[in-house]
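Taking it in order: structure first as structure tokens, then the write-up.
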Amino acid sequence: MNAPVKPNSFRSGPDENGRFGIYGGRFVAETLMPNILELEKAYNEARNDPAYLADMANHQTHFIGRPSPLYFAERLTEHLGGAKIYLKREELNHTGSHKVNNVLGQILLARRMGKKRIIAETGAGQHGVATATLCARFGLECIVYMGAVDVARQAPNVFRMKMLGATVVPVQSGAKTLKDAMNEALRDWVTNVETTFYCIGTVAGPHPYPSMVRDFQSIIGNETREQLQAQEGRLPDSLIACVGGGSNAIGLFHPFLDDPSVAMYGVEAAGHGLDKLHAASISGGRPGVLHGNRTYLLMDADGQIQEGHSISAGLDYPGIGPEHAWLNDIGRVTYLSATDDEALEGFQLLSKVEGIIPALECAHAIAKIAELAPKLPKDHLMVMNLSGRGDKDVPQVAEILGTKL
Amino acid sequence: MTTRLDTRFAALAQEGRAGLVTYVMAGDPDRETARAILKGLPAAGADVIEFGMPFTDPMADGPSIQAAGLRALGGGQTLAKTLEDIAWFRKDDPATPIVLMGYYNPIYIYGVDRFLIDAKAAGIDGLIVVDLPPEEDAELCIPALKAGLNFIRLATPTTDDKRLPTVLGNTSGFVYYVSITGITGAATPDFGKTAEAVARIKRHTALPVAVGFGVKNAEHASAVARGADAVVVGSALVEALKGSLDGEGKATARSVSAVTDLVASIAAGVRHARKAAE
């Protein structure tokens, strides 16, 4: 294979076929193709419509509570003794994570398209909760597919979704986690394609989802740029975020991709370790085709998909968004990984030194900050996307640490 | 170039009857049983065989075919073994067309060029790859056509007249009309409407049109056969096989005949359809 060509801009993708280099595409059943083309057209119209954008901005301010703060983590910085660390406080959004940014955009689009039935897949439940929330806000029917294993380990979020009026369908097929929830959502969509809008939660799936979701999440990086300019008068030196499908990471990274001085780190979930069970698609997988796109996947020698494993339900997907796959291959973003044990330490560290309980997903990035920051000079500005709050994970962490609640 | 599929459909037209296309999963529940079923299909009345390539994540398939794929994978089936199974079948049956059906990733990982060489050598006639719409033709469809294999496309109720030419563009062998918007093995469609849909597709192509999804028995097959060039039966056969397995999911003495008996019954329905209509 030829080395990928470096583009003039890292922000121009995807091409008209939905490709980022060799990644992305539209690998779906024919039944869905007309719908995906219709969605692409509707999104292109909406993004250029001032009324749609104004509606979105209004809800971002008054419903989600944006802009989210960019917070100087003073005690974490002191504790680590190196880089100056800022946290982008996406966990303070309504519903408790960055997921709501994307769901707002998609639900407003579904309304424009006249779709009244919304389906979604969820792993940890954050995307499911965000979708149920906006469906309640706009009076839409909401069905959330969730692996039966995840239903059991994320009980608080399951109850939240039900309170919000959503139907939660426990998925019993396959390994009963996020991958199978996505299969089941796709099966629903194939069956109810005329009436239904599929609200995908991350920067994966068939074109136009990866770029559409990225656009909705780019508000994270756009705000960060302005906020850091106001506080420090300059660009960050590095950005860091956890990566499952990769929507919070791409949201922070994308507005900075063409600023060559800004280094970027995505942190995948290394589970029990990269030589054991894990969910690090780039560090431990290879390119393949699943769920509508070509990207790095965990699979066996026969091309059969393997389960991801992570302490964090939001990261144990055996793939990653196609734009991340491309950014890895061209070397623009560096992908690291953190184990379950490292994430648990990160979870406790941020709680103790900053008074912020992070989601276990984000704790993976904190673990890598603890490695990277001490080696960097004190004038190095590092921004981490704190994409979710950890309340949902407290029962699970308590159990692992041997505390009976 | 005339393929086994072209020859078979021409012969069916000559006979004045619809064909029966049967789907079974490679390696389900074990390789030996699946091979015995494969070998028994033509005598039971199958005119064309679709051989399923198992995949962990069959996103357009219902519970029956999902479970069949997982049984096969649990038994150690791989794409390489599936190709060997067809080569084994071909030694004794030079005429029955065989179409491989499944999802792209195992082929992509096997390597498209290597796969096409090995598939051709094994005696495979065509491919149905569910997650490769016309927009992705450069991946496998065009190389397969160049290698002399048929590439059979699915047309669905959502494929309108505007899109049909795109779908039919690089299709060869036959067109597979999916009679419902849905997954395999789900609802039984209104077979009266499928004849209209077939007529609509035929206004755009001279290729034979096979109809599938929701055909469960001889009565359904007979209804479909009146208005189509062929009837596809899949989930019902996979379910019949499953019903013959023991408590641990292992094949029993009844397993092969459970499938071939149902094929024979459906084949009779297909063969009598046109006569009954006259």
Side-chain angles (χ1 to χ4, degrees), chain A residues 16-19 22 24-38 40 171-175 179-196 205-207 286-295 297-307 318-319, chain B residues 53-63 66-67 69-70 72-73 76-82 102-111 115 129-136 138-140 153-160 162-164 166-167 176-178 180-184 186-187 213:
Chain A
E16 69 275 14
N17 296 314
R19 296 293 181 99
I22 67 163
R26 283 180 285 223
F27 296 88
V28 296
E30 173 58 27
T31 313
L32 295 179
M33 268 316 298
N35 227 40
I36 282 171
L37 296 172
E38 181 198 4
E40 184 182 355
V171 174
Q172 302 288 352
S173 59
K179 156 177 103 73
D180 308 286
M182 195 150 183
N183 286 332
E184 215 53 39
L186 284 163
R187 290 179 187 123
D188 179 314
W189 202 23
V190 169
T191 307
N192 302 296
V193 62
E194 307 274 352
T195 58
T196 297
H207 178 62
R286 60 205 165 110
V289 174
L290 179 72
H291 292 156
N293 58 172
R294 173 162 33 226
T295 189
L297 298 170
L298 303 181
M299 60 183 135
D300 69 12
D302 190 43
Q304 304 297 338
I305 308 303
Q306 293 170 324
E307 290 304 321
Chain B
M53 298 177 278
F55 184 49
T56 39
D57 293 81
M59 63 181 182
D61 283 300
Q66 289 173 44
L70 293 181
L73 293 173
Q77 191 70 12
T78 60
L79 182 52
K81 287 181 181 174
T82 301
Y103 295 80
Y104 184 41
N105 198 52
I107 295 172
Y108 180 68
I109 295 306
Y110 193 92
F115 169 77
V129 183
V130 177
D131 52 354
L132 286 179
E135 282 72 8
E136 303 293 349
E139 294 282 333
L140 179 64
R153 194 93 68 191
L154 307 182
T156 74
T158 61
T159 316
D160 60 16
K162 196 162 149 257
R163 184 164 167 82
L164 260 178
T166 306
V167 169
Y176 184 150
Y177 179 67
V178 175
I180 52 166
T181 55
I183 52 178
T184 53
F213 280 44

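In what follows, chains carry the letters A, B, and so on, assigned in the order in which the sequence lines appear, proteins first and then strands, with residues in each chain numbered from 1. Side-chain atoms are counted along with the backbone in the values below, which use heavy atoms only and exclude waters and symmetry mates.
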Could you tell me the separation between the [atom1] atom of [X] and the [atom2] atom of [Y], rounded to the nearest 0.5 Å?
{"X": "A:Leu186", "Y": "B:Ile183", "atom1": "CG", "atom2": "CD1", "value": "11.0 Å"}
{"X": "B:Glu136", "Y": "A:Arg19", "atom1": "CD", "atom2": "CZ", "value": "4.5 Å"}
{"X": "A:Thr31", "Y": "B:Leu154", "atom1": "OG1", "atom2": "CG", "value": "7.5 Å"}
{"X": "B:Thr166", "Y": "A:Leu37", "atom1": "OG1", "atom2": "CG", "value": "9.0 Å"}

Heavy-atom side-chain proximity of [X] to [Y] below 4.5 angstrom:
{"X": "A:His207", "Y": "B:Glu135", "answer": "no"}
{"X": "A:Glu194", "Y": "B:Thr158", "answer": "yes"}
{"X": "A:Met299", "Y": "B:Pro106", "answer": "no"}

Run the side-chain hydrogen bond (donor to acceptor under 3.5 Å, both in side chains) test against B:Asp61 and tell me which residues pass, sequence neighbours left out.
B:Tyr103, B:Thr184
Side chain / backbone / both / neither for [X] at chain A, heavy atoms under 4.5 Å:
{"X": "B:Phe55", "value": "both"}
{"X": "B:Pro157", "value": "neither"}
{"X": "B:Val178", "value": "neither"}
{"X": "B:Ile107", "value": "neither"}
{"X": "B:Val129", "value": "neither"}

Answer with side chain, backbone, both or neither: which region of A:Ile305 has an atom nearer than 4.5 Å to a non-hydrogen atom of chain B?
both
Check this for me: does any side-chain nitrogen of one of A:Glu38 and B:Arg163 sit under 4.0 Å from a carboxylate oxygen of the other?
no
Mind checking what makes side-chain contact (heavy atoms from CB on, under 4.5 Å) contact with B:Thr78, not counting sequence neighbours?
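If we apply the side-chain contact (heavy atoms from CB on, under 4.5 Å) test to B:Thr78, skipping adjacent residues, the hits are A:Asp302, B:Ala80, B:Lys81.
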